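So the structure is just underneath, and the comments pick up after that.
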Amino acid sequence: QVVANPEQYIKHPLQNRWALWYFKNDKTKSWTENLRLISKFDTVEDFWALYNHIQQPSKLNYGCDYCLFKDGIKPMWEDERNKLGGRWLITLNRQQRHNDLDRYWMETLLCLVGESFDEASEDVCGAVVNVRPKGDKLAIWTSNCQNRDAIMTIGQLYKERLSLPMKALIGYQSHDDTSSKSGSTTKNMYSV
Amino acid sequence: AKKRYDREFLLGFQFISASM
């Protein structure tokens, strides 16, 4: 299709408005001071304008995060819409920063803005990428860790979208368990 | 109706938007 008059071009609206946050680990500041809202968008075109403008996760410094959340949900456990929820967590090895991280993050974003999880998309709160020396992490956060059907739908489709091998298991952990853990591992409520 | 976009549709706009 040819757009005759660019001023009449209507952008493609997304189901949700999304907010992209950036976390920079500055030890002289508090956790909340380090969390900054970059921008919000609610069309396909504005999503790409933002995506094309910012650094890929593999170029970020250690300790930095990107978070993409539905407008109105803060990227923290304490938010009303997160506190009963949890996350599908994918832990990458060091080699995967070079090979997979940026691709996985883009696929994650496309799953969110495109509402790829059918009805279960309503359970999605957002997604987070953590860039860490020991291994980067990707997660999709959902609103209620008791919504088994929605969580399993999201986990299965997410794994397919990232083309993870069948035998590779990914786990879902409640924020409650993650925030109260004493050791270095949190038990999985679900896995696919 | 829900506004859902599949992967290929979204990817088709990656470089269109940059010139707008």
Side-chain angles (χ1 to χ4, degrees), chain A residues 1-18 39 41-54 56 68 70-71 102-124 150 153-154 157-163, chain B:
Chain A
Q1 269 191 326
V2 177
V3 180
N5 181 352
E7 288 176 15
Q8 289 175 358
Y9 182 92
I10 297 167
K11 296 179 186 178
H12 294 77
L14 300 173
Q15 180 67 30
N16 285 285
R17 169 170 288 159
W18 297 88
S39 187
F41 57 86
D42 59 7
T43 67
V44 175
E45 286 78 355
D46 290 347
F47 160 69
W48 283 119
L50 179 59
Y51 177 88
N52 291 337
H53 184 71
I54 60 173
Q56 295 285 306
L68 185 78
K70 287 176 180 169
D71 189 21
D102 295 340
R103 183 167 58 85
Y104 283 0
W105 178 239
M106 188 184 80
E107 292 296 339
T108 307
L109 297 177
L110 296 182
C111 284
L112 265 55
V113 302
E115 309 282 328
S116 295
F117 304 119
D118 301 324
E119 294 308 312
S121 286
E122 284 187 28
D123 269 58
V124 171
T153 299
I154 292 165
L157 289 170
Y158 189 37
K159 198 172 158 183
E160 282 173 28
R161 280 290 288 266
L162 299 186
S163 302
Chain B
K2 285 278 177 82
K3 296 176 192 75
R4 293 192 184 128
Y5 300 109
D6 66 29
R7 181 180 186 278
E8 283 66 33
F9 182 88
L10 289 170
L11 283 169
F13 286 90
Q14 180 169 12
F15 299 108
I16 293 174
S17 64
S19 60
M20 285 177 54

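Computed from a predicted structure; not experimentally measured. A note on names: the letters A, B, ... follow the listed sequences, proteins ahead of strands, and every chain is numbered from 1.
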(message) Check whether A/N52 reaches the backbone of B/F15 with its side chain - one donor and one acceptor, N or O, closer than 3.5 Å.
(response) no

(request) Tell me, with the steps shown, if B/L11 and A/M106 meet side-chain contact (heavy atoms from CB on, under 4.5 Å). (result) CA-CA 10 Å; B/L11 283 169; A/M106 188 184 80; 3.7 Å; yes

(request) Side chain from CB out, backbone as N, CA, C, O: work out which of these in A/H12 comes under 4.5 Å of a heavy atom of chain B, or both, or neither. (result) both

(message) Quick check for you: to the nearest 0.5 Å, what is the distance between A/L14 atom CG and B/L10 atom CG?
(response) 7.5 Å

(message) If I compare all heavy atoms of A/E115 with all of B/K3, which pair ends up nearest, and what's the gap?
(response) CG-O, 3.6 Å

(request) Go through B/R4 and A/E122 one step at a time and tell me if the salt bridge (Lys or Arg N to Asp or Glu O under 4.0 Å) criterion holds. (result) CA-CA 12 Å; B/R4 293 192 184 128; A/E122 284 187 28; over 6 Å; no

(request) Using the test ring-ring contact (aromatic ring centres under 6.0 Å, His included), find all partners of B/Y5 that sit at least two apart in sequence or belong to another chain. (result) B/F9

(message) According to side-chain hydrogen bond (donor to acceptor under 3.5 Å, both in side chains), who are the partners of A/D118, at least two apart in sequence or on a separate chain?
(response) none

